[in-house]
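Remarks on the structure that follows.
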Amino acid sequence: MEYLKIDLHSVVTALSSSLDLVGIDEVKHGKRVAIMAKNVARELDWSKADCLTLMHAGMLHDCGVSRVQEHRNLSETLEWDGAEAHCIRGEAYLRACAPLAHLATDIRYHHTLWETLQNLPLEESTRLRANLIYLADRIDMLQLPFIGTEQILLEYPAILDYAKKQAGRMFAPELVDAFAQAADEEAFWLSMDPEYLDEELAEFSSHQTQVTLNLDDLRALALLFSRVVDAKSHYTEEHSQRVAKIARYLAGHLGKTGPELDLIEIAGLLHDIGKLRVDEAIIEKPGKLTEREYACIRRHSYDTYRILRRVFGHTPIPVWAGYHHENLLGLGYPFKRVPKEIDLEARIICVADVFQALAQNRSYRGRMAQDDIIKHLKERVEQGTLDGHVVSVLIDQADECYRLATV
């Protein structure tokens with residue numbers, strides 16, 4: 001399916017934005033790490049291929065982080081004792097994703113001290129890439145309070161001094177030397193301004209040979225990010241994967257075939273990617289949400305839509321995924337679309353999302369039995385919020401859908 005062929009670098013760049021959402025108050029961390037690491041690698045005359053690999057690893061180095069509190073711990077403590085856990089998760093996610101599996105080892109060791117890393121049975125190139133990501137990652141935490149202000153010009157000598165003091169212990173001496181050389185100019189730091197960062201990435205991208213992804217690759221990438229999203233809370237474990245399976249199953253029984261089924265599965269896997277912005281304390285709250293907390297929840301489908309437009313803008317995936325909280329009364333969110341504006345595929349994902357959520361334990365209630373879920377769906381059809389035809393097909397296939405939702 002020709003229009004599903006998408007450039008790998010573009011996908012990584014766009015999906016790194018979803019990982020940035022976990023920071024809530026601090027965004028584009030992955031992109032800054034990628035740019036800084038690439039600038040140091042150029043100082044060392046690394047090949048273009050190595051620079052590209054390094055940038056992809058930099059943009060995705062925190063793919064093992066889903067929870068806001070974990071992100072804060074990593075941001076607020078230069079050497080946090082719990083840092084290795086997200087490295088291990090990230091490695092597992094990437095190893096299961098063929099297009100990005102080559103990044104797994106770099107991500108596994110990107111918080112390992114050089115004094116330990118240099119003695120591990122790894123290729124020297126792997127050690128240096130992982131440690132360079134670590135160096136750029138920690139430097140970004142130090143520069144964070146000053147990004148976008150002229151204050152960085154006064155502060156960066158102290159940041160350089162910190163890196164030099166850690167040579168041999170945290171960071172490889174040759175990387176520190178190259179970093180000091182590259183960063184001993186104001187432009188290095190001023191380019192980290194959010195206003196210029198995307199230009200830096202776009203300029204680099206324009207010189208790269210495109211590597212296109214086939215449909216299986218795209219599904220693997222979608223699965224990777226669904227795992228990151230679903231790891232926000234044990235209450236949402238495998239939610240996106242199960243919604244995708246139910247949606248694909250229903251779509252098949254509604255006459256969809258071939259690539260259409262793949263598209264709806266990918267949309268199902270990614271429908272909650274915007275939820276990375278939501279603090280897990282809200283997701284896990286046992287009581288009623290405040291207006292502000294509910295507002296945080298409501299915006300996630302819009303964030304999903306905007307992120308997916310950057311990756312799948314020439315396909316219907318952003319709309320199908322982003323509309324999963326629209327309803328047939330025109331009272332859903334975030335667009336308040338009326339029925340004629342809501343595709344069947346979006347209606348299918350909506351029903352699959354509701355069905356799976358009700359079949360899963362949540363902080364405010366237990367898992368509902370199959371008959372109780374069916375009763376709830378019928379009530380929603382009577383109210384006019386869910387598509388009656390989609391729900392009727394689900395009811396006909398209730399046993400299998402409940403199996404997909406729970407087993």
Side-chain angles (χ1 to χ4, degrees), residues 4 6 8 11-12 14-22 59-60 62-67 86 89-101 103-104 107 213 215-251 261-278 280 283 297 300-301 303-312 315-325 345-346 348-357 359-360 362 404-407:
L4 273 178
I6 297 174
L8 177 61
V11 171
V12 172
L15 292 180
S16 70
S17 299
S18 65
L19 298 176
D20 287 337
L21 294 180
V22 181
M59 283 190 277
L60 299 178
D62 276 343
C63 67
V65 179
S66 302
R67 299 174 71 89
H86 84 282
R89 286 194 300 271
E91 178 193 30
Y93 293 165
L94 291 167
R95 286 209 187 283
C97 180
L100 299 175
L103 305 178
I107 300 309
L213 305 172
L215 207 147
D216 288 338
D217 291 334
L218 291 174
R219 188 186 295 107
L221 282 163
L223 180 60
L224 184 157
F225 278 87
S226 75
R227 295 178 71 186
V228 178
V229 174
D230 292 350
K232 285 289 287 184
S233 167
H234 68 276
Y235 290 114
T236 57
E237 185 177 1
E238 295 189 357
H239 169 69
S240 300
Q241 295 175 55
R242 294 179 182 279
V243 167
K245 290 178 180 178
I246 295 167
R248 183 183 180 113
Y249 183 79
L250 290 176
L261 296 177
D262 296 310
L263 284 172
I264 197 168
E265 182 180 1
I266 291 171
L269 285 167
L270 296 172
H271 77 283
D272 267 348
I273 198 169
K275 199 169 278 185
L276 284 171
R277 183 191 291 270
V278 181
E280 58 271 9
I283 296 174
I297 292 289
H300 83 273
S301 51
D303 289 326
T304 289
Y305 170 75
R306 293 305 297 254
I307 289 169
L308 295 184
R309 276 184 59 186
R310 300 171 192 170
V311 186
F312 301 105
T315 78
I317 288 173
V319 171
W320 295 351
Y323 282 18
H324 73 277
H325 280 291
E345 292 82 356
I348 292 171
I349 293 174
C350 176
V351 171
D353 180 49
V354 172
F355 184 85
Q356 203 288 323
Q360 194 169 32
R362 291 298 165 96
L404 292 172
T406 57
V407 175

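Side-chain atoms are counted along with the backbone in the values below, which use heavy atoms only and exclude waters and symmetry mates. Since we're looking at a predicted model, the values are computed, not measured.
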* Answer with yes or no whether the side chains of His271 and His325 bring together a donor and an acceptor at under 3.5 Å. =>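 His271 and His325 do not have a side-chain donor-acceptor pair below 3.5 Å.
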* Polar contact flag, side-chain donor to acceptor under 3.5 angstrom, Asp272-Ser240 ->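 Judged by distance alone, the side chains do not pair up.
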Just so I know, are the side chains of [X] and [Y] near enough to count as touching, which here means a heavy-atom distance under 4.5 Å?
X	Y	value
Leu21	Ile307	yes
His324	His300	yes
Leu19	Leu15	no
Asp353	His239	yes
Leu223	Cys97	no
Tyr249	Ile348	no
Val278	Ile297	yes
Leu263	Ile317	yes

* Show your working on side-chain contact (heavy atoms from CB on, under 4.5 Å) between Phe225 and Leu60 and close with a plain yes or no. => CA-CA 11 Å; Phe225 278 87; Leu60 299 178; 4.0 Å; yes
Shortest non-hydrogen contact from [X] toward [Y]:
X	Y	result
Cys63	Gly90	SG-CA, 3.7 Å
Ile349	Ala267	CD1-CB, 3.6 Å
Val229	Ile273	CG2-CA, 3.6 Å
Ala405	Ala359	CB-CB, 3.9 Å
Arg95	Ala104	CG-CB, 3.4 Å
Arg227	Ala96	NH1-CB, 3.6 Å

* To do: Please lay out, stage by stage, how Ile266 and Leu218 fare under the test side-chain contact (heavy atoms from CB on, under 4.5 Å).
  => CA-CA 8 Å; Ile266 291 171; Leu218 291 174; 4.2 Å; yes
Using 0.5 Å steps for rounding, measure from the [atom1] atom of [X] to the [atom2] atom of [Y].
X	Y	atom1	atom2	value
Leu308	Trp320	CG	CH2	12.5 Å
Met59	Ser17	CE	OG	9.5 Å
Arg362	His234	CZ	NE2	10.5 Å
Gln241	Glu265	CD	CD	10.0 Å
Leu250	Ile264	CG	CD1	8.0 Å
Thr236	Arg242	OG1	CZ	12.0 Å

* Between Asp216 and Arg219, is there a salt bridge with N-O shorter than 4.0 Å? -> yes
* Asked: Do Asp262 and Arg248 sit within salt-bridge range, that is, some charged N less than 4.0 Å from a carboxylate O?
  ->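 Arg248 and Asp262: salt-bridged.
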* To do: Only one of Val351, Thr406, Val243, Leu404 passes side-chain contact (heavy atoms from CB on, under 4.5 Å) with Gln356; say which it is.
  => Val243
* Using modelled atom types only, decide if a donor and an acceptor are shared between the side chain of Glu280 and the backbone of Ala231 within a distance under 3.5 Å. =>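 Side chain of Glu280 to backbone of Ala231, a donor-acceptor pair under 3.5 Å: no, none is there.
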* Asked: Given the rule in the side-chain contact (heavy atoms from CB on, under 4.5 Å) test, do Lys232 and Leu276 qualify, once you have shown the distances and angles that lead to the verdict?
  -> CA-CA 7 Å; Lys232 285 289 287 184; Leu276 284 171; 4.0 Å; yes
